Amino acid sequence: MTTTEQAPTTGPVPASRRGRRWPAASAGVVAAGLALGVAELTAAAVGPQSSPVVAVGDRVITLVPEPVTQAAIAVLGQADKPVLVGGTLLLVALAAAALGLLALRRPAVGTTGILLLGALGALAALTGPAGSPLDVLPSLVGAAAGVLVLPVLLAPLRTPPAAGTARPPGVPPVERLRDVLAAGDRRGAGLDRRRFLLTAGAAAGVAAVTGGTGRLLLRRFDVTGARAGLALPAPASPAGPLPAGADLAPQVPGLTPLVTANRDFYRIDTALAVPQVDPVAYRLAVRGMVGSPRSYTLDDLLGRADLIERDVTLTCVSNEVGGGLAGTARWLGVPLGALLREVGVSPDSDQLVCRSVDGMTIGTPTRAALTVEDAMLAVGMNGEPLPVEHGFPVRMVIPGLYGYVSACKWLAEIEAGTYAAFDAYWVERGWAARGPVQVASRIDTPGPLRRLPAGRRAIAGVAWAQTRGIGRVEVRVDDGEWQEARLSPRVDADIWRQWVLPHDFAPGSHLLTVRATTEDGEVQTAARAAPFPSGATGLHSVRVVAT
Ligand SMILES: Nc1nc2c(c(=O)[nH]1)N[C@H]1C(S)=C(S)[C@@H](COP(=O)(O)O)O[C@H]1N2
Ligand SMILES: [Mo]
């Protein structure tokens with residue numbers, strides 16, 4: 001056997017510092033992967049909320065300052081959740097790589113680091129909305145696996161400590177860190193490449209198998225099947241067919257359809273893993289300042305004789321002028337006022353604290369819940385049970401209020417209380433306590449900065465002012481007069497109206513602006529306001545170039 005530079009790959013060879021850095025960092029990453037894989041497999045036994053990645057991501061969502069959340073929604077939109085999960089995993093990988101490097105020389109640092117990461121996951125799971133002591137298990141079992149495997153991965157890289165090189169305690173930490181990183185330079189530093197690749201490969205395989213199996217087994221909590229098996233009752237008060245020609249979208253390319261398909265409906269919530277609520281075990285508690293507190297099963301709600309079906313447009317307070325966080329659906333549900341009168345809500349309650357199974361709190365004005373016509377506990381959306389992402393099996397819908405104060409999804413509890421006694425989730429973060437929707441109108445087509453052939457074409461879009469109704473929509477081209485657009489037939493004050501204005505475009509650049517007026521005569525304000533804290537105001541404008 002020779003001892004030249006190209007020496008055998010079967011035994012330890014002297015390796016440069018850089019030569020061992022990458023394997024050590026990779027060992028850290030593989031150990032972390034294995035820890036997460038084992039954690040995921042354990043979570044499959046305990047429940048989805050106990051998965052450390054989900055738990056940490058969820059805590060990040062609730063802990064980051066509101067401006068950061070708003071920026072994330074503005075920049076990433078509905079990709080915010082994948083980006084958060086990806087970012088969390090990337091941070092874990094970076095920390096794990098650093099731990100691998102440090103552990104090469106100081107195994108205790110690796111062990112401590114992994115245990116700290118595990119403790120972080122455990123703490124996140126424990127402090128979750130439904131956190132139980134059992135939820136710490138996946139993080140702890142995963143961390144234990146990581147602690148066991150890291151030394152095994154590092155063994156093929158590890159040098160026996162060269163005597164007299166370790167600095168005594170009391171040396172500044174930076175110096176000691178330098179020693180650690182320099183460990184690979186020392187004489188006799190061994191790198192058994194073949195053994196390293198074999199162990200690391202095997203560990204990565206175990207990580208993939210445990211993680212994959214965990215994810216697969218977690219599907220047993222999925223309620224898609226239970227949802228599909230649910231038959232919706234017929235409403236006592238149906239919405240009736242839409243009038244002929246109610247939807248102008250088929251005639252106007254680019255115009256938003258009158259009714260939004262469930263799969264196209266915008267989704268806004270803080271749930272990283274969509275809550276899976278078993279419809280059989282479902283309970284809705286109504287309590288607090290009520291005469292007779294009650295708990296309802298899903299069958300209680302579905303079996304009622306007073307179910308209503310209504311077309312309602314739902315909008316998000318975070319929607320920018322011209323934005324897409326609005327949708328219209330045909331909702332089926334229990335009239336909220338009737339249910340609240342049944343339990344005898346106290347006249348002294350001015351806020352209903354609505355709680356979801358995932359710990360969200362939404363503060364809803366009691367008065368609106370009691371008096372707004374068509375306010376409901378929705379169980380159906382466009383002829384199907386609520387989609388899981390939209391709150392299956394029960395959510396609230398109240399026309400005229402933004403979703404953050406009226407539309408609690410995965411609804412578990414309604415507590416009649418007061419604004420003085422409790423700030424709900426978004427109110428704690430500075431949003432207005434009461435959230436009536438602002439009058440809004442939007443140009444759907446032509447799109448912003450579009451080049452279009454000069455000549456006649458339709459300008460079209462939607463406008464909404466739920467509970468009040470849209471009475472008129474006008475469009476201005478450049479500095480011209482306001483011109484009245486044609487509206488889609490009136491269906492109900494609670495849903496948006498489409499509008500269309502054919503226009504002869506002269507060649508050149510044009511600024512199109514739209515404004516709506518409610519049925520009761522309020523003209524949409526031109527004053528610009530950001531979504532925070534009460535919803536955006538201002539007129540939507542679009543610049544186009546006709547050629
Ligand atoms: N449980 C829960 N319900 C929630 C939210 C949430 O984060 N969690 N977000 C609210 C907000 S801000 C809006 S705008 C609507 C959006 O409902 P959608 O996702 O079905 O469109 O749900 C509301 N209900
Ligand atoms: Mo929202």
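None of these values were measured; they are calculated from a predicted model. First listed ligand is number 1; within each ligand, the first listed atom is number 1. Side chains included, hydrogens not; waters and symmetry mates left out as well; all remaining heavy atoms used.
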I need the atoms of ligand 1 closer than 4.0 Å to a non-hydrogen atom of Ser356, numbered in the order shown. 1 (N)

Nearest-option assignment for atom 13 (C) of ligand 1, heavy atoms, candidates Ala271, Gly403, Ser318: Gly403

Just need the protein heavy atom nearest to atom 24 (N) of ligand 1, so name the residue and atom and give the distance. Ala407 O, 2.9 Å

Closest to atom 6 (C) of ligand 1 among protein heavy atoms sits Asp269 CB, 3.4 Å

Run the numbers for me: atoms of ligand 1, each under 4.0 Å from some heavy atom of Phe265, listed by number. 21 (O)

Hey, is Val317 touching ligand 1 through its side chain, its backbone, both or neither, going by heavy atoms under 4.0 Å? neither

Ligand 1 to Tyr404, heavy atom cutoff 4.0 Å, flagged ligand atoms 11 (C), 12 (S)

Within 6.0 angstrom of Arg220 CZ, more than 12 heavy atoms from elsewhere: yes

What protein heavy atom lies closest to atom 9 (N) of ligand 1? Include the residue and the distance to one decimal. Ile268 O, 3.2 Å

For Arg395, is the nearest heavy atom under 4.0 Å from an atom of ligand 1? yes

Among all protein non-hydrogen atoms, which one is nearest to atom 21 (O) of ligand 1, and what is the separation to 0.1 Å? Tyr266 O, 2.7 Å

Tell me which part of Cys316 gets within contact of ligand 1: side chain, backbone, both or neither, using heavy atoms under 4.0 Å. both

Below 3.5 angstrom, do we get any N/O pair linking Thr315 and ligand 1? no

Any side-chain donor paired with an acceptor under 3.5 Å for Ser356 and Arg395? no

Please classify the Ile362 to ligand 1 contact at 4.0 Å (heavy-atom distances, strictly less than): side chain, backbone, both or neither. side chain

Do Ser349 and Thr366 meet the criterion of a side-chain donor-acceptor pair at a distance under 3.5 Å? yes

To check your reading of the model: name the closest protein heavy atom to atom 2 (C) of ligand 1, its residue, and the distance in Å. Met360 CG, 3.6 Å

Could you walk me through whether Leu325 and Tyr402 pass side chain to side chain contact (heavy atoms under 4.5 Å, CB included), step by step? CA-CA 11 Å; Leu325 299 179; Tyr402 285 123; over 6 Å; no

One finds that the ligand 1 atoms under 4.0 Å from a non-hydrogen atom of Asp358 are 1 (N)

Cation over ring face, Arg429 and Tyr425, 6.0 Å, 45°: yes

Any heavy atom of Tyr402 under 4.0 Å from ligand 1? The part involved is neither

Would you indicate whether Arg543, at its atom CZ, is surrounded by more than 12 heavy atoms from other residues, nucleotides or ligands within a distance under 6.0 Å? yes

Side-chain donor-acceptor pair present, Thr328, Trp496, cut-off under 3.5 Å: yes

Value for CG (Leu248) from OG (Ser488), rounded to nearest 0.5 Å, stands at 5.0 Å

Tell me yes or no: between the side chains of Asp299 and Thr297, is some donor less than 3.5 Å from an acceptor? no

Other residues, nucleotides, ligands: >12 heavy atoms within 6.0 Å of Glu373 CD: no

Are more than 12 heavy atoms, taken from residues, nucleotides or ligands other than Arg490, located less than 6.0 Å from that residue's CZ atom? yes

Top protein contact for atom 3 (N) of ligand 1, by heavy-atom distance: Lys409 N, 3.0 Å

